[in-house]
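One-based numbering, in listed order, for ligands and for the atoms of each. Please read these numbers as outputs of a predicted model, since none were measured by experiment.
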Amino acid sequence: MRKITIAIDGYSSTGKSTVAKQLADWLGYVYVDSGAMYRAVTLYALQNEFIYNNELYVENLVAALPEISLEFKKSETGKAEMYLNGVNVAKAIRTMEVSEWVSPIATIPEVRRKLVKLQHAMGEHKGVVMDGRDIGTVVFPNAELKIFMNASARERAGRRFKELQERGDKVTFEEVLENVTERDRIDTTREDSPLRKAKDAIEIDNSEMNLDDQFHTILQLAKDRIAGRV
Ligand code: DC
C-alpha cells in the first residue's frame, strides 16, 4: 500500500500528539513529536546555563548546537522517547520551566534549521505522522494530509493543568493558562516559520469533540488519501 506523509499542526495542548500517536499506531507509521525536539534543546540550554538568571544567551547556545545530538528511541512499551546526547529526557522535557523557555528557543533560526534537517531525514521514506507548528508549512509542504488542530485557550489550559496535577506539579490553573496564551503569542508572531494554518490544511476544532470521534475523523481522511480517493 502506498505510504503518505501526515502533518499535524496547531496551538499548544490541542491534543495533536494524542491523535498523531493513535494514527501512527493504527497505520504502522513512524510518529515524530517535533515539539519534543525543541524541548530537548531547551533542556540542554538550561542544563548548560545558556539560560541563566532569566536571560537567554542566544549566541552561546548557537555555538554549542553541534554538541547536541537528538534521537527518538522506542521504550519497552513501544513508546518513542526523546534522547538528548544519549540520555532519556522524556520526563525532563515536560516541566513548566522547559515549557516557559521553549517558545523563545524555537524563535532562533539556527535551532530551527538544525531540527528541520533532522525532521526531513526522519520523514524521508514517508509513512510518517509528525506533529508540531510548521510541519505542513515548512517541513513537509507536500504532505498528502495536513491537519490544523484548534481548541479554546481555556479548554487547552484545563487539559494541560490536569496533566501537570496528575504528575504532582504544583502549578495553578492561571499559571498554565498564562503559559498557553503566551506560547500561542510567541509561536504565531515569530519571524521564522510562525504557526500558521497551511492553505491546504483541514482545520479541526476539538473543544467539544471526544478523542474517539477525532481519531476516526482524521483516520478516514488518511485512508482516503492512502487509497488515492482524494
Ligand atoms: O508541541 P509542544 O507544545 O511540545 O511544543 C513546544 C514548543 O516548541 C512550542 O511552543 C513551539 C515549539 N515548536 C515549534 O516551534 N515548531 C515545531 N514544529 C514544534 C514545536
>> Can you name the atoms of ligand 1, numbered from 1 with element, that are less than 4.0 Å from a heavy atom of Ser103?
In response: 10 (O)
> So, does Thr42 use its side chain to make a donor-acceptor pair with the main chain of Tyr38 at under 3.5 Å?
Replying inline: yes
> Could you go step by step and tell me if Phe72 and Tyr83 meet the side-chain contact (heavy atoms from CB on, under 4.5 Å) rule?
Replying inline: CA-CA 6 Å; Phe72 287 99; Tyr83 280 71; over 6 Å; no
> Quick one: does Arg190 get a heavy atom under 4.0 Å from ligand 1?
Replying inline: yes
> At what distance is the nearest protein heavy atom to atom 3 (O) of ligand 1, and which residue and atom is it?
Replying inline: Arg183 NH1, 2.8 Å
> Heavy-atom count around Arg154 CZ within 6.0 Å, excluding the residue itself: above 12?
Replying inline: no
> Under 3.5 Å, is there a donor-acceptor pair between the side chain of Ser193 and the main chain of Asp134?
Replying inline: no
> Quick check: does Ser34 get an N/O under 3.5 Å from an N/O on ligand 1?
Replying inline: yes
>> Would Asp33 count as being in polar contact with ligand 1, using the rule that some N or O on each side must be under 3.5 angstrom apart?
In response: no
> Is Arg133 close to ligand 1, meaning an N/O of one under 3.5 Å from an N/O of the other?
Replying inline: yes
> For Gly136 and Lys146, which heavy atoms make the closest approach, and how far apart are they?
Replying inline: O-NZ, 2.9 Å
>> Evaluate Asp224 against Gln220 for side chain to side chain donor-acceptor pair (under 3.5 Å), listing each step before the verdict.
In response: CA-CA 6 Å; Asp224 290 344; Gln220 192 54 49; 3.1 Å; yes
>> Taking 4.0 angstrom as the limit and counting only heavy atoms of Asp134, give me the atoms of ligand 1 inside it, by number and element.
In response: 16 (N), 17 (C), 18 (N)
> In the protein, which heavy atom is nearest to atom 12 (C) of ligand 1, and how far is it?
Replying inline: Ala106 CB, 3.7 Å
> If you measure from each non-hydrogen atom of Arg39 to ligand 1, which part falls under 4.0 Å: side chain, backbone, both or neither?
Replying inline: side chain
> With a cut-off of 6.0 Å (strictly less than), are more than 12 heavy atoms of other residues, nucleotides or ligands near CD of Glu191?
Replying inline: no
>> Less than 4.0 Å is my threshold; does some heavy atom of Arg112 fall inside it relative to ligand 1?
In response: yes
>> Taking 4.0 angstrom as the limit and counting only heavy atoms of Val102, give me the atoms of ligand 1 inside it, by number and element.
In response: 6 (C), 7 (C), 8 (O)
>> I need the minimum non-hydrogen distance between Val19 and Met149, along with the two atoms involved.
In response: CG1-CE, 3.9 Å
